[in-house]
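Next up is a structure, given as structure tokens.
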Protein chains: 2
Amino acid sequence: MGKERLPELLDALRRRGERLTTARHALLSVMAHADEHLSADQLSVEVARTNPAIHRATIYRTLETLRRLGIVEHTHLGHGPAVYHLADDVHQHLVCEECGWVVEAPADLFAGVEETLERDFGFDMRANHFAIVGRCRRCAEEGTERVAGDRRTPTQA
Amino acid sequence: MGKERLPELLDALRRRGERLTTARHALLSVMAHADEHLSADQLSVEVARTNPAIHRATIYRTLETLRRLGIVEHTHLGHGPAVYHLADDVHQHLVCEECGWVVEAPADLFAGVEETLERDFGFDMRANHFAIVGRCRRCAEEGTERVAGDRRTPTQA
DNA sequence: CTGCTTGCAAATAGTTTGCACGTTC
DNA sequence: GAACGTGCAAACTATTTGCAAGCAG
């Protein structure tokens, strides 16, 4: 968890013959130390703390480069922006569509499904590339107990 | 499949005390006869064939209304726009992140996972609200055979 | 020095919203 | 005719891109 992953990430770039620019270094540094998944915009803000000159467009382009190199991955959590994380950090996302709460679930959650899809559909599922949408315990309970309902989404989300 | 679902959809609106406007009628008619899931924009185009006056903004607002009423649902297929379908049409989406190809998979695919999530996380998963991202057979095979690689995404997607 | 990277600004895609007018019940 | 729905234009969010200048190797 608290391990220092930055050096090996930089190494990965070097080994690939990729350039080690200030922007890439700064972005990887932020990602290596982040304990949540951040959107491109959030990453941009974090990077700007130490390096205000780095433009959001560069963040997007760098993320795309790192994705192509297999170093970072992104997930679409539903409505909002995509969130990014290091590729070696494998897991599922459970996101509550009512309150937006996100938890991580073990990566092997879909082991069985993965097999079925491969066999029946020839489909190679990328489990950690999408979010599992639903309702968290709290929202489910509130939903049941609720009388009038002050939320946007009355009962069925 | 080819069943006439429109009347009962209109009834559902009436029963709820909702107004039966031209736009709602037209949109539901398109959705009842569509055999694919369409984005708001595509729906707008289809509706415009018989009713050019209906504005895209109205499509969005009507879709939101119908969603609130539990009549339609939408799914985020990854990058592009959300796609909409009638709520009684329950299934999973397998979407290839390389070629964009989409197939439907049976709704009970996740039965086991659903139980696990409920038990271990108190999480009530909405299986048909998200897409399962991965690679279809064709892209997987091409990816393996490819020598030079003319795609945006060399090997790992 | 040569080409990949970046900054900036502007374009783009998807969706939402304020407001005045029109339609449904 | 009152309340709700709609058209239009404009705002907004997330992301991409052309171009000229900058920096890594």
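Residue numbering restarts at 1 for every chain, and letters A, B, ... go by the order of the sequence lines. Side chains included, hydrogens not; waters and symmetry mates left out as well; all remaining heavy atoms used.
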Separation of atom CD1 in B:Ile54 from atom C1' in D:dG7, rounded to whole Å: 11 Å

Atom-pair distance (CZ on B:Arg19; P on D:dG5), nearest Å: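 So the two atoms are 6 Å apart, to the nearest Å.
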
Terminal contacting nucleotides, 5' and 3', DNA chain C versus chain B (heavy atom, 4.0 Å):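 Under 4.0 Å from chain B, the extent on DNA chain C is C:dG14 to C:dC25.
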
Plane angle bin for A:His74 and A:Tyr84 - parallel if under 30°, tilted between 30 and 60°, otherwise perpendicular: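 Aromatic pair A:Tyr84/A:His74 classed tilted.
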
Side-chain touch A:Thr21/A:Thr62, heavy atoms, less than 4.5 angstrom: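 A side-chain contact is absent here, since even the closest heavy-atom pair is not under 4.5 Å.
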
Salt-bridge contact B:Arg67-B:Glu64 (side-chain N to carboxylate O under 4.0 Å):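 Salt bridge: yes.
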
Below 4.0 Å: OP1/OP2 of D:dT16 and any side-chain N or O of A:Tyr60: no

Beyond-backbone contact of B:Leu28 with B:Leu13, side-chain heavy atoms, under 4.5 angstrom: yes

Upstream residue (5' side of DNA chain C) when B:Ala57 and A:Pro52 are each assigned their closest nucleotide: A:Pro52

Phosphate OP1/OP2 of D:dG5: any B:Thr65 side-chain N/O under 4.0 Å: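 So the side-chain polar atoms of B:Thr65 never come under 4.0 Å of the phosphate oxygens OP1 or OP2 of D:dG5.
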
Exercise: identify the closest heavy-atom pair between A:Ala32 and A:Leu9: CB-CD1, 4.1 Å

B:Arg68 CZ - D:dC4 P separation (whole Å):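 Result: 11 Å.
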
N/O donor-acceptor pair under 3.5 Å between A:Thr65 side chain and A:Arg61 backbone: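 Here the side-chain-to-backbone pair exists.
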
Which residue lies more 5' along DNA chain D, comparing B:His79 with B:Ile59 via nearest heavy atoms: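 Mapping each residue to its closest nucleotide by heavy atoms, the 5'-most match is B:Ile59.
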
Sidechain N-carboxylate O distance under 4.0 Å for A:Glu18, A:Arg24: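 A:Arg24 and A:Glu18: salt-bridged.
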
Base D:dG18 to side chain A:Arg61, donor-acceptor N/O within 3.5 Å cut-off: yes

Residues A:His85 and A:His91: side-chain donor-acceptor under 3.5 angstrom: no

Under-4.0 Å salt bridge between A:Arg49 and A:Glu46: yes

Sugar-phosphate, base or nothing in reach of A:Ser39, heavy atoms under 4.0 Å: nothing

Whole-Å distance separating the CG atom of A:Leu63 from the C1' atom of D:dA14: 13 Å

A:His55 NE2 to D:dA20 C1', straight-line distance once rounded to whole Å: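 Roughly 15 Å, once rounded to whole Å.
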
Length of the CG-P vector between A:Leu10 and D:dA24, whole Å: 14 Å

Sub-4.0 Å heavy-atom contacts from residues 20-29 of chain A onto DNA chain D, ordered by number: A:Leu20

Between D:dT15 (C1') and A:Leu38 (CG): distance, integer Å: 17 Å

